[in-house]
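One structure below.
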Amino acid sequence: MPSLIDRSGNVQFFGQLSWANFLDWLITLCLAAILVITSLQLGGVRPETQHSVLPLYAILLLLHGLWIAIDKERPRRISPGPVLFLPFLIFASLSFYFLSPVPWRASYELTYFFGIFIFIWVAVNNVRSRAHLLILILMALIPAGSASLIGFYQFFQDSTQVASASVGYALELNQQYFGRATGIFADPNSFAAYLLALLPCFIIAALVPRLPIILRVLCFYVGLVLLAGITFTQTYWAAASVVILMAILPWFCFKKKSLRVLSSMLVVGSALVVFLLMFLVSPSFQRGFARALSTDGEAVRIVLWQEGLRSLSRSPFLGSGGGTYAFQLDHSDSLSIPYGPVTPQNDYMLILGQYGLLGGALLFVPGFYLILRAYLRWKSEAFDRKLKGQRERVMSPQKFFLSIATSGILALLIAAFFTSVLYIPGLLLFGALLFSVLVKLSFSRTLNLPNFRFAGLSYLSIAALFGVVFWINSSSSIESQAYELRARQSLNKLVEKRVPISGNIELIENTIHRFKDAVVIDPNNADAWIGLSSAICQLYYSRPEEFEAIASRAVSAASRAYEICPEYWLSSAQLGIALALGGELEDARSALERSVAMAPNSSNAHYYLASYLSVFPEEREGAIEHVGLSLEINPRNAAALKLQRKLLIL
């Protein structure tokens with residue numbers, strides 16, 4: 001019986017029989033676990049998912065440091081590619097500590113950035129063989145199958161049940177997403193971006209001469225499935241992005257320039273013909289396209305981008321600080337939007353607005369340089385070569401993987417212009433995987449680590465320490481966000497169903513305890529303090545005789561939020577509400593007027609002030625004015641509409 005181990009100590013597919021190779025396999029599986037877990041849980045947008053994978057980053061760095069310590073290569077080398085992004089991480093950290101008026105929100109972004117950096121750092125310096133890379137890519141594609149099946153089901157059946165099952169608790173999707181595919185994500189835009197990033201992988205694998213014919217046919221079929229999935233998201237920006245991407249892909253797939261040009265022209269021409277036919281024969285397509293061009297649809301991006309440019313003009317060099325886009329939008333004196341977008345639906349605008357031209361240069365210049373270097377490496381490789389003993393010519397593995405990685409990165413860069421990629425960890429991690437492949441194949445490990453007696457042990461200690469510090473520091477802010485988010489959703493549902501009026505104290509107390517857990521874990525989470533104050537105020541409906549004690553607790557929590565961020569209109573508004581409950585009328589009015597001055601285009605800010613003024617007969621005209629402004633900004637504000645009817649009747 002032949003031995004499984006050859007004379008060189010290699011095991012088929014596994015590779016070298018050594019502790020270093022064994023650790024490399026563990027690292028590969030850990031990378032895959034982070035990617036798969038994050039992607040399958042709504043793309044990692046829920047803080048609970050982020051909190052659950054944080055320990056894996058610490059384990060990943062520990063394994064990487066241990067691999068460096070026992071690896072026999074001398075001198076020890078690492079890739080210079082990821083090092084180029086260290087200046088941006090340092091700048092983002094300084095922005096978090098010194099510039100951002102909302103540091104509790106900036107900490108979430110910082111966690112995303114450092115997590116992606118750790119992923120790229122380890123993936124570039126480990127995953128040393130083709131077997132490792134193949135397994136990692138195959139495992140990264142596991143969520144794609146689940147996403148496609150769920151997306152098809154959601155489009156034809158009910159999306160909410162599948163989405164709820166994927167996270168283990170009840171989840172209500174936005175009503176505007178009903179009937180549209182969201183896959184394993186919480187919105188169709190993220191799902192479309194994910195499928196768009198996957199599409200080049202399968203189209204290139206189907207068209208280039210590399211894989212066996214049966215696999216190429218399978219890849220072509222999967223590509224068609226992905227195209228159908230993008231169609232089911234019913235996002236017009238994604239359809240336009242598909243046309244752009246499909247016009248670029250022939251340049252990676254075909255050797256002859258004439259065939260590339262012809263294919264690109266055919267794609268664009270076919271897309272125009274299909275669009276014209278749909279527009280001429282389908283009234284529903286006409287209505288959907290007209291809605292997309294309005295500010296109620298996808299054209300709202302233009303409004304958000306304009307606001308992003310105004311934010312950039314106020315602080316062009318350093319930016320407004322991490323996590324401040326939604327904060328700036330809430331306090332805008334030139335824009336009124338009935339809902340509060342977290343991002344401008346354009347990651348380039350988001351980075352420039354929050355981190356300025358300096359932060360943008362520190363992030364975009366290294367990224368552009370690495371992509372350009374990968375393209376030059378791709379261009380220098382022969383398009384195909386003839387393997388020994390075979391007639392057909394096939395594309396080399398380096399050019400094949402470079403084609404897939406580069407085109408996938410381009411797809412995400414296109415998507416980042418129309419939607420948010422930076423705030424969707426599942427998309428970020430898939431992009432990080434593609435970027436790692438790109439860097440691995442275009443950069444050699446040329447940075448020599450110091451070579452002294454305990455160099456390996458020192459590197460292990462630093463890696464392990466950084467992993468533990470990242471885990472501990474990020475865990476508190478993410479866990480606090482998780483408690484605050486669940487408590488806020490619970491509070492909104494209780495208020496909507498008028499539970500406080502019914503006298504069900506237990507449900508309100510449970511919500512209060514969740515907010516308390518959030519502020520105990522992260523005392524600087526102003527949103528959690530505001531939520532705690534709001535939840536305490538709801539006790540008044542069940543215990544009106546205890547209004548003084550209830551108001552005292554509510555004022556204490558709101559005051560803490562105001563101390564953390566006095567520029568935040570909601571902290572001032574909640575303080576005014578709590579003061580009014582306690583009978584401190586002058587201070588309450590001052591706080592509510594201050595909130596309106598800080599956020600003149602906030603529907604709720606005007607409603608809170610109108611609600612306060614409505615109590616006093618002599619202030620009826622002022623109350624009518626502010627409730628009218630509230631409804632002008634957001635005609636769907638149910639509470640403001642009810643108050644307006646009451647004022648007009650009286």
Side-chain angles (χ1 to χ4, degrees), residues 174-175 296 326-341 488-489 491-501 526-527 529-541 551 554-555 557-558 561-562 565-650:
N174 195 310
Q175 290 185 357
D296 291 332
F327 175 83
Q328 296 286 345
L329 195 64
D330 282 343
H331 295 77
S332 173
D333 57 0
S334 58
L335 179 65
S336 60
I337 292 183
Y339 59 93
R488 177 155 41 90
Q489 291 174 338
L491 178 62
N492 291 339
K493 189 171 293 186
L494 292 177
V495 172
E496 181 183 349
K497 295 182 178 180
R498 305 174 68 86
V499 171
I501 297 177
D527 285 323
W529 285 108
I530 292 169
L532 176 60
S533 176
S534 180
I536 291 173
C537 287
Q538 299 302 315
L539 293 174
Y540 169 77
Y541 294 101
V555 169
Y562 186 76
C565 188
E567 303 93 347
Y568 192 14
W569 79 267
L570 193 53
S571 64
S572 184
Q574 182 56 43
L575 179 59
I577 293 171
L579 288 169
L581 181 64
E584 301 179 48
L585 302 182
E586 290 300 323
D587 290 339
R589 178 168 185 163
S590 176
L592 290 169
E593 289 178 342
R594 186 167 59 247
S595 69
V596 170
M598 286 190 289
N601 284 298
S602 169
S603 175
N604 284 333
H606 285 283
Y607 164 71
Y608 294 147
L609 180 56
S611 181
Y612 169 83
L613 295 176
S614 67
V615 177
F616 309 99
E618 66 275 13
E619 299 287 355
R620 180 173 175 272
E621 293 299 324
I624 292 175
E625 178 186 356
H626 281 285
V627 78
L629 290 171
S630 175
L631 289 170
E632 183 180 336
I633 297 169
N634 181 12
R636 299 177 182 176
N637 191 328
L641 185 61
K642 182 179 179 181
L643 177 61
Q644 186 186 52
R645 290 171 179 170
K646 176 182 177 182
L647 289 169
L648 292 177
I649 291 173
L650 294 176

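We use all heavy atoms of the structure for the numbers below, so side chains are in, but hydrogens, waters and symmetry mates are not.
- The CD atom of Gln644 sits 12.5 Å away from atom OH of Tyr607, with the distance rounded to the nearest 0.5 Å.
- Put simply, the side chain of His331 gets close to the backbone of Glu567: a donor and an acceptor are under 3.5 Å apart.
- A distance of 13.0 Å separates CG of Asn634 from CG of Leu629, quoted to the nearest 0.5 Å.
- Using a distance-only test at 3.5 Å, with no hydrogens or angles considered, no donor-acceptor pair links the side chain of His606 to the main chain of Val596.
- Heavy-atom contacts from other residues, nucleotides or ligands closer than 6.0 Å to CD of Glu586 number 12 or fewer.
- Closest of all the heavy-atom pairs between Leu613 and Arg589 is CD2-CZ, 3.9 Å.
- Between the side chain of Ser611 and the main chain of Tyr608, no donor-acceptor pair closer than 3.5 Å is present.
- Leu570 contributes atom CG, which lies 4.0 Å from atom CD1 of Ile530 (distance to the nearest 0.5 angstrom).
- Under a 3.5 Å cut-off, the side chain of Ser595 and the backbone N or O of Trp569 do not form any donor-acceptor pair.
- A donor atom on one side chain and an acceptor atom on the other are found under 3.5 Å apart for Tyr568 and Asp527.
- The heavy-atom pair separating Ala591 from Leu575 by the smallest distance is CB-C, 4.5 Å.
- To the nearest 0.5 Å, the span separating CD on Gln574 from CG on Leu592 amounts to 9.5 Å.
- Taking all atoms of both residues into account, the shortest heavy-atom contact from Cys537 to Ile577 is SG-CG2, 4.4 Å.
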Trace of the side-chain contact (heavy atoms from CB on, under 4.5 Å) decision for Gln538 with Leu494
CA-CA 9 Å; Gln538 299 302 315; Leu494 292 177; over 6 Å; no
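- For the residue pair Ala588 and Ala580, the shortest heavy atom distance occurs at CB-N, 3.5 Å.
- Atoms CG and NE2, on Leu647 and His626 in that order, are 12.0 Å from each other to the nearest 0.5 Å.
- The backbone N or O of Pro566 sits nowhere less than 3.5 Å from a side-chain atom of Ser571 that would complete a donor-acceptor pair.
- Distance alone, capped at 3.5 Å, is enough to place a donor-acceptor pair between the Tyr612 side chain and the Leu585 backbone.
- Taking OG of Ser602 as the start and CG of Leu609 as the end, the distance is 11.5 Å to the nearest 0.5 Å.
- Across all non-hydrogen atoms, the minimal contact from Ser630 to Asn637 is OG-ND2, 3.5 Å.
- Closest approach of Ala623 to Ser614, counting heavy atoms only: CB-N, 3.8 Å.
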